[in-house]
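Heads up: numbering here begins at 1 and tracks the sequence. Just the heavy atoms: all of them, side chains too, but no hydrogens, waters or symmetry mates, feed the values below. Read the numbers this way: they start at 1 and go in the same order the structure lists the ligands and their atoms.
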Amino acid sequence: MIISVISALLLCSTLLVRATFAQLHPTGPASYQRLPSLREQAAILDSWRDERLSKIPDLLNKYRIQAWLISQREYAEDTIWWSIKNATEYAPHRRTVLLFHANTSSLAGRPNPLKWVDNTGAVWPELREILAQYNPRRIALNTDKDVAFGGGLHVGEYEVLAEELGENWMERTVNEPMLGIEYVATRVPGQLKYYRDLQETTWALVEEAFSEQVITPGTTSTEDVEWWFREKMLLLNVTTWNHPRVSVITPESFPGWSGTQDIIDEGDLLHVDFGITAMGLNTDVQHMAYVLRTSQGETNAPEGLKEGLRKANRMQDIVLENMRAGMSGNEVLTACLDQMKAEGIEGQVYSHPIGDWGHSAGAVIGFTNLPTYVPVLGELRILPNTYYSIELYAYSYVPERNETLRFRLEENAYWDQVTEQWNFVYGRQERLHLINATHRPTASLAQPTFVVQP
Ligand SMILES: *[C@@H]1O[C@H](CO)[C@@H](O)[C@H](O)[C@H]1NC(C)=O
Ligand SMILES: *[C@@H]1O[C@H](CO)[C@@H](O)[C@H](O)[C@H]1NC(C)=O
Ligand SMILES: *[C@@H]1O[C@H](CO)[C@@H](O)[C@H](O)[C@H]1NC(C)=O
Ligand SMILES: *[C@@H]1O[C@H](CO)[C@@H](O)[C@H](O)[C@H]1NC(C)=O
Ligand SMILES: *[C@@H]1O[C@H](CO)[C@@H](O)[C@H](O)[C@H]1NC(C)=O
């Protein structure tokens, strides 16, 4: 009902309606999206990267840094290198030294970063000369002890820098992890269209996996489905950052443990946690499915399971309503837990930034093993203009099973500057996927791209 009202409104097609619509379950099935050719992707990726690099002088000024020095060798690269590299580069060659500068004084208008690729030691006198001309007061090195995105300088590189730059410059070095965090976390507008396509492909994968096309109750195992995902990704020209985890939800199964790895049967509640990687972006999604007891004439999931999903949906609303740029992850977490308590919902929140990485840079909102307070990463502030993976579970008692189960959902959201709210990039799961095993594939579907052979 709500869906049909919304789709009528959608015909008006205002931005606001589209944003509101994005919170709901998309009306039709998701379909596999074709990505541009690799050559076109490279041009797109490089233009996003250039847009991000152009903001580095402002970023340095924001944190009162004049120079950001990144030094690395082939196969011992700084974490940040992956967000700076050209699309056709696979490793920093030889020793690659990058010097980002605030684009002022003697370096105004010079390439940013200044770049050396060296295996003779010639970089050091040149770097010392540049520093002497430029005279930066604070030079950031990626030496953070806790944050990966601010701690990518390898120990050997640090020692070489200390020897080659000497006391004079080393005294001016500082640790400012927010440079790496903010650079990696901040999205550029052009990404959203492609990120939405990747989310739709992610959904299409779940919809096919959690269907009678792939699952035959009593025959197919959870592990078969996991490997089906992996093989299918190859055909779709995407990869992953995390092996898919498919399990049967039981009262004992909890996040971080795969749940029951078993043959899938009628009446099972299934769960998947997986994501795809393409075009420098990552998705991370968790959905649930129910295997209809078709042998007993069942045509829908038990009410108790639907109720659990609704509670998890309500928790998603609570997280999105409470997340505000400038708040710490822990402040958001506390606000969410308070509101859940007020509404009588029990569960856990463990949401995280996503984008360049599956678990990307920025403030986390809970951790599976740290349900109420996260040191360091939880004390960071939520940044505007980022992507977040809203990951959580709601406990719900299922009378039909006399069991309390965790309803585990995850969807990816972005900050919409027009509506000033977080929206899901593609949608969120509001109905259980149903595996209807009496529904035999039709002739045209009888030859899917491939079928898992148990
Ligand atoms: C994957 O790439 C191949 C080779 O370019 C292409 O033929 C195929 O259609 C692509 N598949 C999808 C789903 O985009
Ligand atoms: C990317 O390629 C261009 C052109 O070859 C080069 O000037 C630039 O230094 C490269 N960027 C990085 C980060 O290596
Ligand atoms: C760097 O400085 C030059 C000259 O002052 C200016 O034209 C250019 O726009 C600046 N670039 C950035 C990224 O700030
Ligand atoms: C429901 O489960 C509880 C706890 O496991 C058990 O004590 C109770 O007997 C069960 N009730 C029914 C109706 O099976
Ligand atoms: C299951 O498949 C049967 C046979 O095609 C069909 O009649 C029935 O409507 C389907 N049930 C659901 C819930 O999709």
So the atoms of ligand 1 within less than 4.0 Å of a heavy atom of R34 turn out to be 8 (C), 9 (O), 14 (O)

A student checking ligand 1 against L235 at a 4.0 Å heavy-atom cut-off should list atoms 11 (N)

CG of L198 to NZ of K193, rounded to nearest 0.5 Å, is 11.0 Å

Rounded to the nearest 0.5 angstrom, the CD-OG1 distance for E200 and T202 is 10.0 Å

Parallel, tilted or perpendicular, judged at 30° and 60°: which one describes the rings of F100 and W68? tilted

Proximity flag L38 to ligand 1, non-hydrogen atoms under 4.0 Å: no

*asked:* For Y387 together with Y195, are the ring centres under 6.0 Å from each other?
replied: yes

Item checked: SB check E346 K311 (cutoff 4.0 Å) -> no

Salt bridge (Lys or Arg N to Asp or Glu O under 4.0 Å) pairs touching residues 62-77, sequence neighbours excluded, are K62-E182, R73-E157

Q: Ignoring hydrogens and angles, state whether a donor on the side chain of S221 or D224 is under 3.5 Å from an acceptor on the partner side chain.
A: yes

Practice prompt. Compute whether any side-chain donor of one residue and acceptor of the other, for Q348 and T368, lie under 3.5 angstrom apart.
Written response: no

- Query: Taking N or O atoms only and a 3.5 Å limit, does N237 qualify as a polar contact for ligand 1?
  - Reply: yes

Pairs under 3.5 angstrom, nitrogen or oxygen on both sides, ligand 3 versus protein: list them out, please.
from	atom 1	to	atom 2	distance (Å)
ligand 3	2 (O)	N103	OD1	3.0
ligand 3	2 (O)	N103	ND2	2.5
ligand 3	11 (N)	N103	ND2	2.6
ligand 3	14 (O)	N103	ND2	2.9

